[in-house]
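Beneath this line is the structure, given in structure tokens, with notes to follow.
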Amino acid sequence: MHNKSITELAADLRAGDYSSVELTQYFLDRIQRMDAGLNSFVTVCSDEALSAAQAADRQLQAGQGGLLTGIPIAHKDIFCTKGIRTTCGSKMLENFISPYDATVVTRLKAAGVVNLGKTNMDEFAMGSSNETSYYGPVRNPWDTETVPGGSSGGSAACVAARLAPAATGTDTGGSIRQPAALCGITGLKPTYGRVSRYGMIAFASSLDQAGPMTTSAADAAILLQAMAGFDERDSTSADQPVPDYSAGLEDDLTGLKIGLPKEYFGEGLDDAVAKSVEEAIAEYRKLGAEVIEISLPNTHLAVPTYYVVAPAECSSNLSRFDGVRYGHRCEDPKDLEDLYKRSRAEGFGDEVKRRILIGTYALSAGYYDAYYLKAQKIRHLISDDFTQAFKQVDVIMGPTAPDTGFRIGERAGDPVSMYLSDIYTIAVNLAGLPGISIPAAPANGKPAGLQIIGNYFAEAKLLNVAHRLQMATDYHKAAPANLGQ
Ligand code: GLN
């Protein structure tokens, strides 16, 4: 059952081969048996899952419901879930029970999904390896000595290990695509504004975007269909119609123009990853696509720009965690200032503190123009690079990450080398564009990702392009073998 797609599971549920309760129990058993070695879940909600499955079974028996009715999934622990703990990977929110559901959660519930639990993540989504979580690192199911990527590492690892058929994730600078690449799954970061941010704990509001993490592009289309759409509770939500994401999945690619940015294939890219990406591009040539070299000349400025903009926004967003309104409160505060200081000192981990310090500095009166304003200007230049490129090509392709999963602890003491893990993903967030990572051929015996970037609201095109490769190759079907299935 665990290797089946959402479409197959939905057909089996309808045929009565098994019930949603049986399917849910099956995945809960796998989590119980296999997650101790991975740590991909922070909270498993067996009781809630089984009662949601019962409700789904009643709907199915009545001949009602849609493709997602009764399908179990997992949510990244950044999405508020009513009555279920939402930690955001932090000690700060260790005991936080949200009084409401995030819009993503509400919409998926309305579509009939069953929530198996909340997945582990870097603290407040800050990281590229899942090592900053207060709940311990997540291990990559392909090699448990290595990281799964971050910050949606728990979602990526649980889908890769087939502990859930699909999961939600969020991507501020690469956090859906990079862990998808390192774990050998499909991860889609939609256009900024496509999916509501309401109830998604904010990291950097002008960059954050939620999306699906699945074993195939076809499944991502189904999940995105339920997640996407205008939400009046998110002021940056796009009031644009949601197309049928599954309708054009098999469209022919003859004449598709693929741009390969020369800046994505230079220094710093692992040779084996480069080879996998080239192999995938050769497949696209066979499918009738035309490949054109392009340039995104401001690529080298993406990481420094992001590390001004994202910390600036996070320093402001995270000021709400003050020991009064939410989360951790220190013992016996002497006065208000002591309450703020100690609650925050105790509740946040090192990476979060580093970002708050950088962001506060960048926004301070004396440095605002030199750093924040400058970064915003460069952000425009980065967007313009893509605008120019999309005059010439339909999609842009390259590696998702510069290398494959590295060893746990290897980069923990070197934030700059960690930050470079997102060198190919960050510009997409700065521009607000959609991007998808799909498995390419393994590199160094580990998963490697092909990234496909599209123009604004071109999710359907990205899913089509991704699905055609998955029709022609089996890269996405490989699952880690060493877990004692
Ligand atoms: N790795 C990047 C960071 O640490 C991106 C994280 C994300 O996309 N949430 O900020």
Side-chain angles (χ1 to χ4, degrees), residues 75-79 88-90 104 119-133 137-138 147-156 167-183 187-190 192 195 197 200-213 302-315 317-318 348-359 362 375 379 400-403 405-406 411-412 414-437 449 451 453:
H75 283 299
K76 183 175 182 180
D77 209 11
I78 197 166
F79 293 101
C88 217
S90 183
V104 162
T119 60
N120 202 345
M121 53 180 285
D122 279 301
E123 186 178 8
F124 285 101
M126 298 173 197
S128 308
S129 66
N130 227 294
E131 293 166 290
T132 73
S133 170
V138 176
V147 304
S151 65
S152 312
S155 291
T168 54
T170 63
D171 191 312
T172 302
S175 279
I176 288 177
R177 292 161 289 157
Q178 185 253 9
L182 270 47
C183 288
L188 170 66
K189 177 242 175 252
Y192 182 76
V195 175
R197 291 184 297 108
M200 189 175 115
I201 295 173
F203 163 12
S205 307
S206 76
L207 301 160
D208 298 341
Q209 186 60 198
M213 303 181 76
V303 171
T305 303
Y306 174 90
Y307 279 98
V308 173
V309 174
E313 293 184 18
C314 106
S315 72
N317 274 324
L318 270 58
F348 290 137
D350 288 349
E351 185 60 29
V352 173
K353 286 178 187 159
R354 177 169 18 245
R355 307 274 179 118
I356 293 173
L357 286 172
I358 296 172
R379 189 173 178 177
T400 306
D403 46 25
F406 44 91
R411 297 186 191 166
D414 183 355
V416 174
S417 91
M418 188 71 85
Y419 296 169
L420 290 173
S421 310
D422 299 304
I423 189 153
Y424 305 125
T425 48
I426 270 177
V428 172
N429 299 74
L430 289 168
L433 292 164
I436 191 169
S437 178
Q451 181 176 212
I453 303 165

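This structure is a prediction, so every number in the text was calculated from the model and none was measured. For ligands, and for the atoms within them, numbers begin at 1 and follow the listed sequence. When a residue number appears, it is its place in the shown sequence, counting from 1.
Residues with a heavy atom under 4.0 Å from ligand 1: A125, M126, G127, S128, S151, D171, T172, G173, G174, S175, F203, Y306, Y307, R355, D422.
Applying the salt bridge (charged side-chain N to carboxylate O under 4.0 Å, His left out) rule to D77 yields the partners K118; only residues at least two apart in sequence or on another chain are considered. Residues forming a salt bridge (charged side-chain N to carboxylate O under 4.0 Å, His left out) with R379 (at least two apart in sequence, or on another chain): none. For E313, the salt bridge (charged side-chain N to carboxylate O under 4.0 Å, His left out) criterion is met by no residue, not counting sequence neighbours.
For the residue pair V138 and P148, the shortest heavy atom distance occurs at O-CD, 3.1 Å. For the residue pair G359 and S315, the shortest heavy atom distance occurs at C-OG, 3.6 Å.
Salt bridge D403/R411: present, at least one basic N to carboxylate O contact under 4.0 Å.
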